[in-house]
Protein chains: 2
Amino acid sequence: MATRTDTLTLEVVELIGTVVARYHEEYDRAAAEHSLTGAQARVLGLLSLEPLPMRKIAVRLKCEPSNVTGIIDRLEARGLVERRPDPADRRVKLAAATDQGRRTARELRDALDFAREPLAGLSDDERTVLRDLLRRMLGEEAP
Amino acid sequence: MATRTDTLTLEVVELIGTVVARYHEEYDRAAAEHSLTGAQARVLGLLSLEPLPMRKIAVRLKCEPSNVTGIIDRLEARGLVERRPDPADRRVKLAAATDQGRRTARELRDALDFAREPLAGLSDDERTVLRDLLRRMLGEEAP
DNA sequence: ACCGATTTACTTGACATCATGAAATATTCA
DNA sequence: TGAATATTTCATGATGTCAAGTAAATCGGT
């Protein structure tokens, strides 16, 4: 059993903590290079794929819709995002990335070598093993 | 090579993103059960191991010392932490967990089964492989 | 060994962002 | 018509930065 006092489990837990910390450092650093906060970068990344209603953004971010209003306000003030009416439902406002927003999102993705660079040290076989172990750890099955 | 368009690498990157999200959910949920924020829980965890000067807390949190003042203020107001003078340097204030703070920190650790429970699905050998792959990914060598 | 200048540790204040919750408005749906 | 939904606004609190201020330690020149 994996108990709390199991040394091996504790080592893995600590490593995962390090991964989480490293992930955020890289993410925030990349965002800051474009004068964006982590939350703004995350929303811009979502919207660069497809326009989304405010409410769905809140669901993705697991936060209150009233919070999304402010984040979109700030992105809109910088010309990275725009609000559009939803033709199908006049209550809904769709947030959509502008051309400049998509450009910034692409640069952000390119700068985010958190996983790309350290993973380069692993062989294909090793990456496959890592992928499968992470999947099982997360309780996902092979798609 | 691990390029950005490498499917396997992208899968691993996405899984790591999921791990990060899951980690935060669990952490914040466990903290909220004790009416603590994530930042407060993190600092309390640090101080439950050893008292630390304010400045070192800021280094661990990678934030400004002025920010730590407020976090310790709130923990101190709840009796979980206390400030002590450092006998060796009167400029320094040591933040130390109180008995109640240590108790809360222990309960927090026990509630944090993020890694314990999902890792239970892996065998010892698999956990060892996972540990070694994560270490190499993070650029650490065996201690 | 002394003393002034610099550095270090912490706090305070002003401000921006992120987060929640309650109330207001507009629109849709039963 | 009345209930439910989508968004915004407002009040509030936690977190974060930066600049300025206070207290204490350290350094360098005499």
Side-chain angles (χ1 to χ4, degrees), chain A residues 20-21 24-25 27-47 51-78 80-96, chain B residues 20-21 24-25 27-47 51-78 80-96:
Chain A
V20 170
H24 272 106
E25 279 172 45
Y27 202 93
D28 290 348
R29 183 192 52 71
E33 279 172 16
H34 293 271
S35 302
L36 292 172
T37 65
Q40 289 165 6
R42 175 136 184 248
V43 171
L44 187 57
L46 288 177
L47 298 183
L52 288 173
M54 306 295 282
R55 206 189 139 282
K56 285 205 176 171
I57 300 174
V59 171
R60 296 282 202 101
L61 262 54
K62 296 190 207 302
C63 72
E64 298 299 315
S66 60
N67 191 19
V68 178
T69 298
I71 296 174
I72 296 295
D73 280 350
R74 290 181 275 273
L75 287 171
E76 195 170 29
R78 293 187 37 190
L80 300 172
V81 157
E82 63 180 7
R83 282 173 167 95
R84 298 180 193 155
D86 180 343
D89 186 338
R90 283 186 300 167
R91 292 172 301 182
V92 174
K93 280 171 194 160
L94 295 172
Chain B
V20 171
H24 272 107
E25 279 172 45
Y27 202 93
D28 289 349
R29 182 192 53 71
E33 279 172 15
H34 294 270
S35 303
L36 292 172
T37 65
Q40 289 165 6
R42 175 136 185 248
V43 171
L44 187 57
L46 288 177
L47 298 183
L52 287 174
M54 308 295 282
R55 207 190 140 280
K56 285 205 177 172
I57 300 174
V59 171
R60 296 281 202 101
L61 262 54
K62 295 191 207 302
C63 71
E64 298 300 314
S66 62
N67 191 18
V68 178
T69 298
I71 296 174
I72 296 296
D73 280 351
R74 288 180 275 273
L75 286 172
E76 195 170 28
R78 294 188 36 190
L80 301 173
V81 157
E82 63 180 8
R83 283 171 165 97
R84 298 181 193 154
D86 180 343
D89 186 337
R90 284 186 299 164
R91 292 172 302 182
V92 174
K93 280 171 194 160
L94 295 172

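Chain letters run A, B, ... following the sequence lines, proteins first and then strands; every chain starts at 1.
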Asks: Taking the side chain as C-beta and beyond, is there a heavy-atom pair between B/V43 and B/V81 under 4.5 Å?
Replies: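 Sidechains of B/V81 and B/V43: no contact.
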Asks: Can you check the B/L36 CG to D/dA14 P distance for me, whole Å?
Replies: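 Roughly 11 Å, once rounded to whole Å.
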Asks: A side-chain contact here means heavy atoms from C-beta on lying under 4.5 Å apart; do B/I71 and B/L61 qualify?
Replies: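 B/I71 vs B/L61: side chains touch.
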Asks: Please enumerate all residues that pass side-chain hydrogen bond (donor to acceptor under 3.5 Å, both in side chains) together with A/R84, with sequence neighbours excluded.
Replies: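 For A/R84, the residues satisfying side-chain hydrogen bond (donor to acceptor under 3.5 Å, both in side chains) (neighbours in sequence not counted) are A/E82.
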Asks: When the distance from CD1 of A/I71 to C1' of D/dT8 is rounded to whole Å, what number comes out?
Replies: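 In whole Å, D/dT8 C1' and A/I71 CD1 are 15 Å from each other.
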Asks: Without decimals, in angstroms, what is the distance between A/D28 CG and D/dT15 P?
Replies: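 After rounding, the reported distance stands at 16 Å.
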Asks: For B/D86, give me all partners under salt bridge (charged side-chain N to carboxylate O under 4.0 Å, His left out), at least two apart in sequence or on another chain.
Replies: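 Residues passing salt bridge (charged side-chain N to carboxylate O under 4.0 Å, His left out) with B/D86: none at all.
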Asks: Mind listing the closest non-hydrogen atom pair of A/A31 and A/A41 along with its distance?
Replies: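 Closest approach of A/A31 to A/A41: CB-CB, 3.8 Å.
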Asks: Which whole-number value in Å describes the distance from A/K56 NZ to D/dT7 P?
Replies: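 Distance check: A/K56 NZ to D/dT7 P gives 10 Å.
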Asks: With heavy atoms of chain A within less than 4.0 Å as the criterion, where does contact along DNA chain C begin and end?
Replies: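 Boundary nucleotides touching chain A, in 5' to 3' order, are C/dT17 to C/dT28.
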Asks: For a quick check of understanding: with a heavy-atom distance under 4.0 Å over all strands, which category does A/R83 fall into, base, sugar-phosphate or nothing?
Replies: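 Sugar-phosphate, backbone atoms only, no base.
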Asks: Would you mind reading off the distance between B/H24 atom NE2 and D/dT15 atom C1', rounded to a whole angstrom?
Replies: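 In whole Å, D/dT15 C1' and B/H24 NE2 are 13 Å from each other.
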Asks: Enumerate the residues from residues 85-93 of chain B whose closest heavy atom to DNA chain C is under 4.0 Å, giving them by residue number; use none for an empty result.
Replies: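 Contacting residues: B/R91, B/V92, B/K93.
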Asks: If you look only at pairs with a residue in residues 51-66 of chain A, which of them pass as a side chain to side chain donor-acceptor pair (under 3.5 Å), with sequence neighbours excluded?
Replies: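 Non-adjacent pairs meeting side chain to side chain donor-acceptor pair (under 3.5 Å): zero.
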Asks: Among pairs that include at least one residue of residues 31-43 of chain A, which meet side chain to side chain donor-acceptor pair (under 3.5 Å), considering only residues two or more places apart or in two chains?
Replies: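 Applying side chain to side chain donor-acceptor pair (under 3.5 Å) to every pair that reaches into residues 31-43 of chain A, excluding sequence neighbours, yields A/R29-A/E33.
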Asks: Report the residues that fulfil side-chain hydrogen bond (donor to acceptor under 3.5 Å, both in side chains) with A/D73, sequence neighbours left out, ordered by chain and then residue number.
Replies: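 Per chain and number, A/D73 pairs via side-chain hydrogen bond (donor to acceptor under 3.5 Å, both in side chains) with A/R83.
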Asks: How close or far is atom C1' of D/dT5 from atom CD of A/E64, stated in whole angstroms?
Replies: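 Between C1' of D/dT5 and CD of A/E64: 15 Å.
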Asks: Pairs under 3.5 angstrom, nitrogen or oxygen only, protein versus nucleotides 9-12 of chain D, please.
Replies:
none

Asks: A/R78: what forms a salt bridge (charged side-chain N to carboxylate O under 4.0 Å, His left out) with it, not counting sequence neighbours?
Replies: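 Counting only residues at least two positions away or on another chain, A/R78 forms no salt bridge (charged side-chain N to carboxylate O under 4.0 Å, His left out).
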Asks: With sequence neighbours left out, what residues match B/D89 under side-chain hydrogen bond (donor to acceptor under 3.5 Å, both in side chains)?
Replies: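 B/D89 satisfies side-chain hydrogen bond (donor to acceptor under 3.5 Å, both in side chains) with B/R91 once adjacent residues are dropped.
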Asks: Pull out every stem in DNA chain C, meaning runs of 3 or more consecutive Watson-Crick or G-U wobble pairs with both distances under 3.5 Å.
Replies: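 Result, WC/G-U stems under 3.5 Å: C:1-30 with D:1-30.
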Asks: Indicate the atoms forming the closest heavy-atom contact of B/P85 with B/L94, along with that distance.
Replies: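 In this case the closest contact between B/P85 and B/L94 is O-CD1, 4.3 Å.
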Asks: Is there a side-chain contact between A/I72 and A/L47 in this structure, where contact means two heavy atoms from C-beta onward sitting under 4.5 Å apart?
Replies: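 A side-chain contact exists here, since the closest heavy-atom pair is under 4.5 Å.
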Asks: Search all heavy atoms of B/D28 against all heavy atoms of B/G38 and return the closest pair with its distance.
Replies: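 Looks like OD1-CA, 3.8 Å.
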Asks: Measure the spacing between NZ of B/K93 and OG1 of B/T69 and express it to the nearest 0.5 Å.
Replies: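 These two atoms lie 8.0 Å from each other.
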Asks: Between B/L94 and A/T37, which has a closest nucleotide on DNA chain C that is more 5'?
Replies: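 Checking each residue's closest nucleotide, the 5'-ward one belongs to B/L94.
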Asks: Atom CZ of B/R74 and atom P of D/dA14: how far apart are they, to the nearest Å?
Replies: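 After rounding, the gap between these two atoms is 5 Å.
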Asks: Let me know the distance between CG of B/L61 and C1' of D/dT15, rounded to the nearest Å.
Replies: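 Spelled out: CG on B/L61 to C1' on D/dT15 is 10 Å.
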